[in-house]
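Predicted model only: the values in this text are computed from it and were never measured.
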Amino acid sequence: MEIVGRVPSEAGHAPPAPPPPVGYEGTWRFTAPALDSSVPQARHAVRELLAHQRVPVNDELVEGLLLIVSELVTNAVRHAALLSPEIAVEVSLSRDWVRIAVEDNHPYRPVALMADQGGTGGRGLLLVTAITEEAGGVYDVDHTASGGKVVWAALPLPGAATSRPPSR
């Protein structure tokens, strides 16, 4: 059986064409050593990328994204450096979403811990979770084929038309 052409919708019209891509869509990936100095470098790189690509983000969303980058890179530096001397940061932009991901070679899946009031650390993933949920986004951890992990958060852009974040 040979199929030619599209099947018309119930109303007898072809389904609408998908909207054309916008100029800022794409995926950018960079690597950095698993050192403390990589945290501000990653923040700067993400801020510059958002500005250069003219992504329609407000200041609140940018600050949330930069805090997420800081926390995810800091966690990779502090907890994975022994097995992962280099980390990767990936920024994926779609029409409606921005996804920040940090990959390392350590197999441990991080868990948001409730830190005690006197502690000076341990709240990073709580912040990431709170920022992501408040923005209506999604946060998760995926394992890589090489045994490491990718920790990521996807936030909707203002006026997002879809409720699904971009897939990896």
Query raised in the report: To the nearest 0.5 Å, how far apart are CG in L82 and CG in N105?
Result: 11.5 Å
Report summary line: For D36, the salt bridge (charged side-chain N to carboxylate O under 4.0 Å, His left out) test, sequence neighbours excluded, returns none
Requested in this report: Indicate if V141 and I100 have the same hydrophobic cluster label, given that clusters are the connected sets of ILVMFWY residues with side-chain heavy-atom separations under 4.5 angstrom.
Outcome: yes
Query raised in the report: Residues two or more places apart in sequence or in another chain: which of them pass side chain to side chain contact (heavy atoms under 4.5 Å, CB included) with P107?
Result: L83
Report summary line: For Q53, the side chain to side chain contact (heavy atoms under 4.5 Å, CB included) test, sequence neighbours excluded, returns Y24, W28, L49, V55, L93
Query raised in the report: When you check the gap from the basic side-chain N to the acidic O, do K149 and D104 get nearer than 4.0 Å?
Result: yes
Report summary line: Those residues at least two apart in sequence (or on a different chain) that pass side chain to side chain donor-acceptor pair (under 3.5 Å) with T31 are none
Query - Side-chain (S84) to main-chain (I87) donor-acceptor, under 3.5 angstrom - result: no
Query raised in the report: Taking side chain as C-beta onward, heavy atoms only, is V69 less than 4.5 Å from V46?
Result: yes
**Report entry** Heavy-atom check, side chain of V150 versus side chain of D140, under 4.5 Å
**Finding:** no
Requested in this report: Would you please name every residue forming a side chain to side chain contact (heavy atoms under 4.5 Å, CB included) with T74, sequence neighbours left out?
Outcome: V39, R78
Query - Stepwise side chain to side chain contact (heavy atoms under 4.5 Å, CB included) check, V151 with Y139 - result: CA-CA 8 Å; V151 184; Y139 159 81; 3.7 Å; yes
Report task. Please say whether more than 12 non-hydrogen atoms of neighbouring residues, nucleotides or ligands are located less than 6.0 Å from NE2 in H44. Result -> no
Query raised in the report: So which heavy atom on E71 is nearest to which on G124, and how close?
Result: OE1-CA, 3.1 Å
Query - Under 3.5 Å donor-acceptor, T132 side chain and V128 backbone - result: yes
Query - Where H106 and A80 come nearest, the two heavy atoms and their spacing - result: CB-CB, 3.5 Å
Query raised in the report: Do T27 and E90 pass the side chain to side chain contact (heavy atoms under 4.5 Å, CB included) test, and can you show the C-alpha distance, the side-chain angles, and the key distance before you say yes or no?
Result: CA-CA 7 Å; T27 298; E90 185 175 282; 3.6 Å; yes
Query - Any pair counted as salt bridge (charged side-chain N to carboxylate O under 4.0 Å, His left out), so long as it reaches residues 39-60, sequence neighbours left out - result: R47-E63
**Report entry** D96 side chain reached by P156 side chain, heavy atoms, under 4.5 Å
**Finding:** no
Requested in this report: Could you walk me through whether L72 and V89 pass the side chain to side chain contact (heavy atoms under 4.5 Å, CB included) test, one step at a time?
Outcome: CA-CA 9 Å; L72 296 184; V89 177; over 6 Å; no
Query raised in the report: Stepwise, does the side chain to side chain contact (heavy atoms under 4.5 Å, CB included) test hold for L35 with V77?
Result: CA-CA 6 Å; L35 301 172; V77 167; 5.5 Å; no
Query raised in the report: Where do W152 and D142 land on the side chain to side chain donor-acceptor pair (under 3.5 Å) test, with the steps shown first?
Result: CA-CA 8 Å; W152 59 271; D142 297 326; 2.9 Å; yes
Query raised in the report: How far does CG of L155 sit from CD1 of I131, to the nearest 0.5 angstrom?
Result: 8.5 Å
Query - With sequence neighbours excluded, residues passing side chain to side chain donor-acceptor pair (under 3.5 Å) with S146 - result: T144
Query raised in the report: Heavy-atom distance under 4.5 Å between the side chains of P158 and N58, does that happen here?
Result: yes
